[in-house]
Asks: 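Quick one: the structure is below, questions incoming.
Only heavy atoms go into these numbers, but all of them, side chains included; no hydrogens, no water, no symmetry mates.
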Amino acid sequence: MKKLLVVPVLALSYLLFAAFNPTVFVQATIGEPDTLDPHLAYDTASSEVLFNVYENLIAYKGQSVSEFEPRLATEVPTVKNGLIKDGGKTYVFPIRKGVKFHNGNPLTPEDVEYSFERGLLYDPEGGPMWMLWYAIFGVHSRDEALEEFVGKSVDEIFDKSGEPKAEYKQKVIDFYKQVVDPAIEIQGDNVVIKLKRPYGAFLNIIAQSAHWAAILDKETCIKLGLWNGKADTWWKYKNVAKEESPLHTYANGTGPYKLVEWDRKQQKISLAANESYWKGPAKIKKVIIWAIPEWSTRKAMLEKGDADTIDVSIEFVDQLKSNKDIQIFRNLPTLAVTVLLFNWSVNPNSKFIGSGKFDGNGIPPDFFSDIYARKAVAAAINYDALIQEVLKGSGKRVPTALPQGLLGYDPSLPLYKFNLNDVKTYLQKAWNGQAWQKGIKFSIAFNEGNTARQRVAEMIKMYMEMAAPGKVKIEVQPLQWPNFLDATQNGEIPVSINAWQADYPDPDNFIFTHYHSSGDYADRQGDAFKKFVSTPRKELGGKSLDELIKEAATQTDPQSRGKLYTQIQKFVIDNCISVPLYQPTATYVFRTWVKGWSYNPMRPGNDFYSLYKQQ
């Protein structure tokens, strides 16, 4: 409580003395970064800082999410220029000369190699490094790759102190020498990255905004106490706790801004322009990113001109419309989806399924493995009212969990429809009539404070109970975010509402996540779901959905990939695997004196280098 009360006082005292300054940019946000370690950060607040401080080998071109331009590499690898070889398995990056880190150290190919290898070997739990493991090696973690190489589980390989057991130590050393090191090599002024198999989204995964592929200064990292680059020590630096990472509050990149200070008490980040930046210094010389939780304080800062931009929720946007000094950008396309997931095999100990059987006071754990049970819920959602009334029009419908704007999106695919008669019909068919005859009872949980998710849960309750009076009882339960997250991850919630923001702009990031038996949401959807999508199907030509998803991910021809994704989505819709609710749109607000801003859905916040202020 004390922390929350301090911020407005500080903010208001700042308001009293601020005046228009074309070289200072103030941004009032909702929360501060989680960490500044590029290989651990996995949140937007951290990503925005890292985006402006560090650089990657390549960057997105303008507002595109499919075209690239060079950054710390002098060329973007393509088949045409000969920098993509071996059928899409080898990428060559010529490294730019004359670039310096913020501390004056020169950028070298060794820094690039070290950055990728340190991230892969560190691979902290809950971090973003799974993407590089998946893109380069076709697995989802360091431990998965290590277990495959050694032939033993991680628990067997290492002792309780974290050291490899004597009989496996050489194997652990060889894992670096034979697996990780050969994948990222230096050849003269080039860095060569070798993929285990072609992966069409590789360039997306390493493009600017993907801070897990940011380039670090090897010499400084080693001095700070990070991995020393040697094969026989790498395991000593894995799974380091967030606060113990030397990069938690320290940054040394090559980007247009230097980190000056992260004031944890005031939740404020201060950046200064890098006057030695290789592309030339930025017009904005100082950036302040300030976490101000209270909307009224953020609003006052923007209206008085003491903030140049602020975070604003859609329900508050209309409060700013009449101010001629504020510019509002609305309905900007995002690469995100909100989806209702079914748990096909709920944890039998779950309190959200009542008695756990058909007796009018519960549902069996596998209730939603029945297609008609799933379709009944899908028909009980008034999608148009959700978007128009709850989201104030800031969203659009999509056929599946694949957002518009990505390869494979097909607007001709059918949308689920709100229909009370269908709710009744599907309930009568579910479980050969048992659901209708005996009645059902279960709970829908949502994270407390999320109005849209609450309204979806309330819709399902209202319309299912209306379609089957006396036969359906649904409880809507708000949970605090940590409790909601734990309950979904433990497989306890039969129906959950989840949002997914693109890690990289490729259909695989959404299709794999939602529909593959090893996807991020697979555990939330249960063992019966995993079995269903991993079993060969006649309608898929004898392949499983898993196999089709893998095939689509490894295709390098966009047309072929697109056809596979359409086939996948048709199967998903036919079987009502999950229910896409909406693709949200974004809103940004600025003072009218802010110039040079443009939007890219993959950018985690603002690109301060492109901005300038002019009254």
Asks: Could you grab the distance from atom CZ of F51 to atom NE2 of H211, nearest 0.5 Å is fine?
Replies: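 Result: 11.5 Å between the selected atoms.
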Asks: Nearest 0.5 Å, what's the NZ-OH distance between K396 and Y582?
Replies: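 One gets 14.0 Å once the value is rounded to the nearest 0.5 Å.
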Asks: Would you check if the distance from the ring center of F529 to the ring center of F342 is below 6.0 Å?
Replies: no
Asks: Looking at R453, R524, H514, which hits side-chain hydrogen bond (donor to acceptor under 3.5 Å, both in side chains) with N498?
Replies: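 Per the side-chain hydrogen bond (donor to acceptor under 3.5 Å, both in side chains) rule, the option paired with N498 is R524, out of R453, R524, H514.
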Asks: Compare every heavy atom of I444 with every heavy atom of V495, then report the nearest pair and how far apart it is.
Replies: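 That closest heavy-atom pairing would be O-CG2, 3.9 Å.
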Asks: Using every non-hydrogen atom in the two residues, find where H39 and M129 come nearest and quote the distance to one decimal.
Replies: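 That closest heavy-atom pairing would be O-CG, 3.6 Å.
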Asks: Using a strict 4.0 Å threshold on nitrogen-to-oxygen distance, state whether K299 and D318 make a salt bridge.
Replies: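 D318 and K299: not salt-bridged.
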Asks: Please walk me through it: do D37 and K242 pass side chain to side chain contact (heavy atoms under 4.5 Å, CB included)?
Replies: CA-CA 8 Å; D37 189 325; K242 177 176 65 178; over 6 Å; no
Asks: Around atom CD of Q480, are there more than 12 heavy atoms of other residues, nucleotides or ligands at under 6.0 Å?
Replies: no
Asks: At their closest point, which heavy atom of N252 faces which heavy atom of Y250, and how far apart are they?
Replies: CB-OH, 3.6 Å
Asks: Where do L247 and L36 land on the side chain to side chain contact (heavy atoms under 4.5 Å, CB included) test, with the steps shown first?
Replies: CA-CA 6 Å; L247 298 181; L36 297 183; 6.0 Å; no
Asks: Under a 3.5 Å distance rule, please check whether R374 uses its side chain to pair with a backbone N or O of F368 as donor and acceptor.
Replies: yes
Asks: Within a 6.0 Å radius of atom CD on E243, are there more than 12 heavy atoms belonging to other residues, nucleotides or ligands?
Replies: yes
Asks: Apply side chain to side chain contact (heavy atoms under 4.5 Å, CB included) to the pair H140 and Y134, showing each step before the final yes or no.
Replies: CA-CA 5 Å; H140 288 86; Y134 184 54; 3.6 Å; yes
Asks: Using modelled atom types and a 3.5 Å cut-off, is there a donor and acceptor pairing between side-chain atoms of W593 and backbone atoms of P22?
Replies: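 Between the backbone of P22 and the side chain of W593 there is no qualifying donor-acceptor contact (under 3.5 Å).
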Asks: Testing H248, E32, Q267 one by one against W262 for a side-chain hydrogen bond (donor to acceptor under 3.5 Å, both in side chains), which residue passes?
Replies: E32
Asks: Which atoms form the tightest heavy-atom contact between I205 and W212, and what is the distance?
Replies: O-NE1, 2.9 Å
Asks: Side-chain contact test, heavy atoms from C-beta onward, threshold under 4.5 Å: evaluate it for F116 versus L57 and give yes or no.
Replies: yes
Asks: Is there a side-chain contact between F446 and V456 (heavy atoms, below 4.5 Å)?
Replies: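 F446 vs V456: side chains apart.
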Asks: Main chain of F484, side chain of N447: is a donor-acceptor contact present, judged purely on distance under 3.5 Å?
Replies: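 Such a contact is absent between N447 side chain and F484 backbone.
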Asks: Answer yes or no: is there a side-chain heavy-atom contact under 4.5 Å between Y54 and L72?
Replies: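 No - every pair of side-chain heavy atoms lies 4.5 Å or more apart.
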Asks: Judged by atom type as modelled, is there a donor-acceptor pair below 3.5 Å linking the side chain of N509 to the main-chain atoms of P505?
Replies: no
Asks: Mind checking whether P580 and Y416 have side chains closer than 4.5 Å, heavy atoms only?
Replies: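 Yes, their side chains come closer than 4.5 Å.
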Asks: Could you check whether any side-chain heavy atom of W500 comes within less than 4.5 Å of a side-chain heavy atom of V339, counting everything from C-beta outward?
Replies: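 Not touching, per the 4.5 Å side-chain cut-off.
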Asks: Using 0.5 Å steps for rounding, measure from the CD1 atom of I460 to the CG atom of L340.
Replies: 5.0 Å
Asks: Indicate the atoms forming the closest heavy-atom contact of Y609 with A282, along with that distance.
Replies: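 Of all heavy-atom pairs spanning Y609 and A282, the closest is CD1-CB, 3.6 Å.
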Asks: Please determine if D311 and R298 form a salt bridge, counting it only when a charged side-chain N lies under 4.0 Å from a carboxylate O.
Replies: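 Not counted as a salt bridge, because no side-chain N and carboxylate O are separated by less than 4.0 Å.
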Asks: Are Q27 and N606 close enough, and set up right, to give a side chain to side chain donor-acceptor pair (under 3.5 Å), and what steps lead you there?
Replies: CA-CA 9 Å; Q27 174 172 305; N606 286 305; 2.6 Å; yes
Asks: Do the side chain of N56 and the main chain of A207 share a donor and acceptor less than 3.5 angstrom apart?
Replies: yes
Asks: Roughly how far apart are R561 CZ and L407 CG, rounded to 0.5 Å?
Replies: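 Spacing of CZ (R561) from CG (L407) equals 5.5 Å.
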Asks: How far does CD1 of I284 sit from OH of Y612, to the nearest 0.5 angstrom?
Replies: 10.5 Å
Asks: Quick one about S598 and Q63 (side-chain donor to acceptor, distance below 3.5 Å, no hydrogens or angles considered), yes or no?
Replies: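 No, no side-chain donor-acceptor pair sits under 3.5 Å.
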Asks: If you draw a 6.0 Å radius around NZ in K279, do more than 12 non-hydrogen atoms from other residues or ligands fall strictly inside?
Replies: yes
Asks: Check the pair Q555, Y565 against side chain to side chain donor-acceptor pair (under 3.5 Å), reporting the backbone distance first and the verdict last.
Replies: CA-CA 11 Å; Q555 284 281 342; Y565 283 124; over 6 Å; no
Asks: Taking side chain as C-beta onward, heavy atoms only, is V260 less than 4.5 Å from K286?
Replies: no
Asks: For residues F571 and Y515, establish whether the separation of their ring centroids is below 6.0 Å.
Replies: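 They do not qualify: ring centres at least 6.0 Å apart.
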Asks: Between Y409 and V398, does the side chain to side chain contact (heavy atoms under 4.5 Å, CB included) criterion hold? Intermediate values first, please.
Replies: CA-CA 9 Å; Y409 177 81; V398 288; 3.8 Å; yes
Asks: Above 12 or not: heavy atoms from other molecules or residues under 6.0 Å from NZ of K285?
Replies: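 For K285, atom NZ is crowded (more than 12 foreign heavy atoms under 6.0 Å).
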Asks: Strictly distance-based, threshold 3.5 Å: is any side-chain N or O of W295 a donor or acceptor partner for the main-chain N or O of V312?
Replies: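 Flag not set: sc W295 to bb V312 has no pair under 3.5 Å.
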Asks: Angle between ring planes, W597 versus Y599, binned at 30° and 60°: parallel, tilted or perpendicular?
Replies: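 The rings of W597 and Y599 sit tilted, inter-plane angle from 30° to 60°.
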Asks: Got a donor-acceptor contact below 3.5 angstrom from the Q327 side chain to the V594 backbone?
Replies: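 Pair found, side chain donor or acceptor close to backbone of V594.
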Asks: Is there a donor-acceptor contact under 3.5 Å from the side chain of Q569 to the main chain of P399?
Replies: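 A pair under 3.5 Å: no.
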Asks: Kindly give the heavy-atom pair with the smallest separation between S209 and P604, and that separation in Å.
Replies: CB-CD, 3.7 Å
Asks: Does NZ in K461 sit with more than 12 non-hydrogen atoms of other residues, nucleotides or ligands closer than 6.0 Å?
Replies: yes
Asks: To the nearest 0.5 Å, tell me how far S443 OG sits from I493 CD1.
Replies: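 Going from the OG atom of S443 to the CD1 atom of I493 covers 9.5 Å.
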Asks: Please confirm whether the backbone N or O of F608 pairs with a side-chain atom of N52, one donor and one acceptor, at under 3.5 Å?
Replies: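 Yes; judged by distance alone, with no hydrogens or angles, the pair exists.
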Asks: Where the side chain of N274 meets the backbone of G255, is there a donor-acceptor pair that is under 3.5 Å apart?
Replies: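 Checking the backbone N and O of G255 against the side chain of N274, a donor-acceptor pair under 3.5 Å is found.
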Asks: Once you measure the plane-to-plane angle for F590 and F329, does it fall in the parallel (<30°), tilted (30-60°) or perpendicular (>60°) bin?
Replies: perpendicular
Asks: Are any non-hydrogen side-chain atoms of L391 and P584 less than 4.5 angstrom apart?
Replies: no
Asks: Just wondering, do V26 and D308 contact through their side chains at under 4.5 Å, heavy atoms?
Replies: yes
